[in-house]
Amino acid sequence: MSASSALQDLLRFLTQEAKLPLSLALSRIPLLQKASLSTPEQIAKAKPADLLPIIEDEKQRKQLLAAAKRVVKKRAAGEDAPGAESPSKKRKRGEGSLFEVKSEQTPEELEAALILPSDTATEEELQETVLFTNRAPLVLAMTVTLLKYTMPEQPLSSRLSLAQAYVSLTSRARAVSLGIEKDSAESEGWGEGLAEVEIMGKRIRVLRRWGYEVGKGDAG
């Protein structure tokens with residue numbers, strides 16, 4: 001595993017599994033790496049005293065240790081469970097999928113794979129067409145199309161990601177207003193300290209994809 005992949009996996013574990021605020025996770029990664037605690041397996045074997053200089057808050061230390069042990073247990077169960085498929089078998093079964101991302105793909109190839117074919121239907125044919133869908137796919141399609149004109153410098157994959165973030169944000173806000181959900185991810189500290197962009201009046205927290213460069217003319 002490359003250093004960048006290991007770093008992404010550690011950040012994902014700290015924020016998604018251990019539920020640590022992003023700003024805290026980013027600041028503690030160098031300390032964890034220095035202490036040779038860069039994976040859930042290593043953290044699970046650590047003693048609470050080993051984590052004390054890294055994470056001062058007792059509740060967050062317990063969160064981190066519990067999350068590490070939970071992840072290790074899940075991985076062990078997945079490997080040892082009878083009939084469980086290995087990741088390699090799952091990948092082979094999914095080959096040819098529309099959403100498959102091959103590791104050897106260049107950014108240009110990935111962007112080209114995301115472009116949907118153009119519709120050749122006439123105006124009369126479209127007038128007679130009736131589509132049944134729920135809110136999310138319609139809002140996603142509308143947002144992606146809007147971003148093509150408001151953020152033309154962004155590649156298609158970024159516009160899809162931003163559009164999905166907008167759909168998730170508005171859906172979560174709706175759920176909170178109806179009492180289905182209690183709190184938003186932002187209220188739990190997720191995304192704290194990140195840059196923001198505004199999409200249709202909503203502030204979306206974003207991360208830059210370092211090293212991902214797409215040639216001009218690949219807007220999609």
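- Between Asp50 and Lys47 there is no salt bridge, since no side-chain N of the basic residue sits under 4.0 Å from a carboxylate O of the acidic one.
- In this structure the side chain of Leu65 reaches within 4.5 angstrom of the side chain of Pro48, judged on heavy atoms.
- Atom CD1 in Ile199 sits 10.5 Å away from atom OG1 in Thr170 (nearest 0.5 Å).
- Note that CG of Leu10 and OG1 of Thr39 are 8.5 Å apart. Values are rounded to the nearest 0.5 Å.
- Placement of Val71 and Ile54 within a single hydrophobic cluster is found when ILVMFWY residues are connected by side-chain heavy-atom separations under 4.5 Å, directly or transitively.
- Distance check, rounded to the nearest 0.5 Å: CZ of Arg205 to CG of Leu169 gives 9.5 Å.
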Less than 3.5 Å apart, which donor and acceptor atoms pair up between the side chains of residues 56-63 and the rest of the protein, not counting sequence neighbours?
residue	atom	partner	partner atom	Å
Glu56	OE1	Arg28	NH2	3.3
Asp57	OD1	Lys59	N	3.0
Asp57	OD1	Gln60	N	2.9
Glu58	OE2	Lys62	NZ	3.4
Arg61	NH1	Ile55	O	3.1
Arg61	NH1	Glu56	O	2.7
Gln63	NE2	Ala18	O	2.8

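- Hydrophobic clustering (ILVMFWY, side-chain heavy atoms < 4.5 Å, transitive): Leu114 and Met142 are in one cluster.
- Taking 4.5 Å as the limit, every side-chain heavy atom of Leu138 sits out of range of all side-chain heavy atoms of Leu131.
- Counting heavy atoms from C-beta outward, Pro137 and Leu140 have side chains that stay 4.5 Å or more apart.
- In this structure, Gln33 has no side-chain hydrogen bond (donor to acceptor under 3.5 Å, both in side chains) partners at least two apart in sequence or on a different chain.
- Inter-residue side-chain proximity for Glu109 and Thr106 is flagged as met; some heavy-atom pair is nearer than 4.5 Å.
- Using modelled atom types, one finds no donor on one side chain facing an acceptor on the other under 3.5 Å when comparing Gln42 with Ser36.
- The backbone N or O of Glu17 lies less than 3.5 Å from a partner atom in the side chain of Arg70, making a donor-acceptor pair.
- By the rule that hydrophobic residues join a cluster once side-chain heavy atoms approach within less than 4.5 Å of another member, Leu20 and Leu207 end up as members of one cluster.
- Considering only heavy atoms from C-beta on, Ser171 comes within 4.5 Å of Arg135 through its side chain.
- A continuous path of Ile, Leu, Val, Met, Phe, Trp and Tyr side chains, each step under 4.5 Å between heavy atoms, connects Leu7 with Leu26, placing both in one hydrophobic cluster.
- No side-chain donor-acceptor contact under 3.5 Å links Thr145 and Arg159.
- Put simply, the side chain of Ser158 never gets that close to the backbone of Gln154: no donor and acceptor are under 3.5 Å apart.
- Applying the salt bridge (charged side-chain N to carboxylate O under 4.0 Å, His left out) test to pairs two or more places apart or on separate chains, those with a residue in residues 29-44 are Glu41-Arg75.
- For the atom pair Leu147 CG and Leu160 CG, the distance stands at 9.0 Å (nearest 0.5 Å).
- Taking CG of Leu64 as the start and CZ of Phe13 as the end, the distance is 5.0 Å to the nearest 0.5 Å.
- Taking CG of Leu51 as the start and CD1 of Ile43 as the end, the distance is 7.0 Å to the nearest 0.5 Å.
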Problem set entry | Chi angles and distances behind the side chain to side chain contact (heavy atoms under 4.5 Å, CB included) call for Glu196, Ile204 | CA-CA 5 Å; Glu196 295 182 341; Ile204 308 293; over 6 Å; no
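- Ala68 and Ala44 get closest at one heavy-atom pair: CB-N, 3.7 Å.
- The shortest side-chain heavy-atom distance between Leu22 and Leu11 falls under the 4.5 Å cut-off.
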